[in-house]
Amino acid sequence: QVQLVESGGGSVQAGDSLRLSCATSGRTFSDDFIGWFRQPPGKEREFVANIRWRGQIVNYADFAKGRFTVSEDDAEITVYLQMNSLKPEDTAVYYCAADLYGLGSEDQRSYDYWGQGTQVSVSP
């Protein structure tokens, strides 16, 4: 059973940085993708970024390019989302998810397992 646990969320001010972690267990990842999604208050969940295990392929949503960086630590089997220059509109619950078929899609329906989410709140 694949398990994903997010951590690192919190309340920060605009311009600050946060690093979210997604600890994985229950599977030896190979061609899988780990994706980051977010759900702002009152809105639909949206794609943020994803990474193919071992960093061969990385994709970002337009709003994340230049500010967010996704990376992995093979030894700790953890995927990170470094978020810099945070804005109030980045306020959301952030989720990581596993795409076990290696599709690398931005569509959340392609992801098979999800974490519980971590709250990020950015004040002006």
Side-chain angles (χ1 to χ4, degrees):
Q1 180 77 8
V2 176
Q3 291 189 323
L4 306 169
V5 179
E6 303 95 336
S7 61
S11 297
V12 298
Q13 293 186 324
D16 286 349
S17 299
L18 279 175
R19 188 177 78 159
L20 306 184
S21 300
C22 175
T24 71
S25 63
R27 177 178 174 88
T28 300
F29 294 100
S30 55
D31 295 330
D32 318 64
F33 276 81
I34 299 295
W36 284 98
F37 292 80
R38 70 183 188 182
Q39 187 165 18
K43 297 184 179 180
E44 297 292 317
R45 189 158 55 186
E46 62 183 356
F47 172 78
V48 177
N50 64 11
I51 183 168
R52 185 177 182 180
W53 204 252
R54 305 197 188 287
Q56 299 166 2
I57 301 173
V58 178
N59 299 296
Y60 295 96
D62 286 344
F63 65 79
K65 293 176 181 177
R67 297 192 300 130
F68 295 2
T69 303
V70 60
S71 62
E72 66 186 67
D73 184 318
D74 287 352
E76 296 184 357
I77 324 177
T78 299
V79 176
Y80 301 99
L81 182 67
Q82 177 68 42
M83 304 187 295
N84 299 327
S85 302
L86 283 163
K87 305 174 181 180
E89 51 263 44
D90 294 318
T91 295
V93 178
Y94 283 73
Y95 299 89
C96 64
D99 162 16
L100 304 186
Y101 292 93
L103 300 177
S105 172
E106 298 181 6
D107 188 338
Q108 57 184 304
R109 293 172 295 180
S110 297
Y111 291 79
D112 310 283
Y113 292 92
W114 292 80
Q116 82 289 349
T118 185
Q119 176 70 48
V120 172
S121 298
V122 185
S123 59

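Because the structure is a prediction, the values reported are computed rather than measured.
- The distance from atom CD1 of I57 to atom CZ of F33, rounded to the nearest 0.5 Å, is 4.0 Å.
- Among all heavy-atom pairs drawn from Y111 and I34, the shortest one is CE2-C, 4.5 Å.
- The number of heavy-atom neighbours closer than 6.0 Å to CD of E46, taken from other residues, nucleotides and ligands shown, is above 12.
- Residues L4 and Q116 approach most closely at O-OE1, 3.8 Å, considering heavy atoms.
- Taken together through direct or relayed side-chain contacts under 4.5 Å among Ile, Leu, Val, Met, Phe, Trp and Tyr, W36 and L100 form part of one hydrophobic cluster.
- Between W114 and F37, the ring planes lie tilted relative to each other; the angle falls in the 30° to 60° range.
- A distance-only check finds a donor-acceptor pair linking the side chain of E6 to the backbone of C96 [under 3.5 Å].
- Applying the 6.0 Å contact sphere to CD of E89 captures more than 12 heavy atoms from other residues, nucleotides or ligands.
- Here the closest heavy-atom approach between residue V122 and residue T91 is recorded as N-OG1, 2.9 Å.
- Formation of a donor-acceptor pair under 3.5 Å by the T78 side chain with backbone atoms of D73 is not found in this model.
- Side-chain N or O atoms of N50 include one that pairs as donor or acceptor with a backbone N or O of G104 at under 3.5 Å.
- Hydrophobic cluster membership differs between F47 and Y80, with clusters built from Ile, Leu, Val, Met, Phe, Trp and Tyr side chains linked at under 4.5 angstrom.
- Note that OG1 of T24 and CD of E72 are 10.0 Å apart. Values are rounded to the nearest 0.5 Å.
- Residue Y94 forms a side chain to side chain donor-acceptor pair (under 3.5 Å) with just one option from R38, Q39, Q119, and that option is R38.
- Here the CZ atom belonging to R52 is positioned 10.0 Å from the CG atom belonging to D99, to the nearest 0.5 angstrom.
- Pairing each heavy atom of L18 with each of L86, the nearest pair is N-CD1, 3.9 Å.
- Distance alone, capped at 3.5 Å, places no donor-acceptor pair between the T118 side chain and the S7 backbone.
- Within the cation-pi definition used here (under 6.0 Å to the ring centroid, within 45° of the axis), R27 does not qualify as a partner of Y113.
- A49 and Y60 get closest at one heavy-atom pair: CB-CD2, 3.6 Å.
- Across every non-hydrogen atom of S85 and S17, the tightest pair is N-OG, 4.2 Å.
- Salt bridge present: D62 and K65 bring a charged side-chain N and a carboxylate O closer than 4.0 Å.
- Contact check for F63 versus V48: side-chain heavy atoms found under the 4.5 Å cut-off.
- Note: L20 CG to M83 CE = 4.0 Å, rounded to the nearest 0.5 Å.
- In this structure, D32 CG and I51 CD1 are separated by 12.0 Å, a value rounded to the nearest 0.5 Å.
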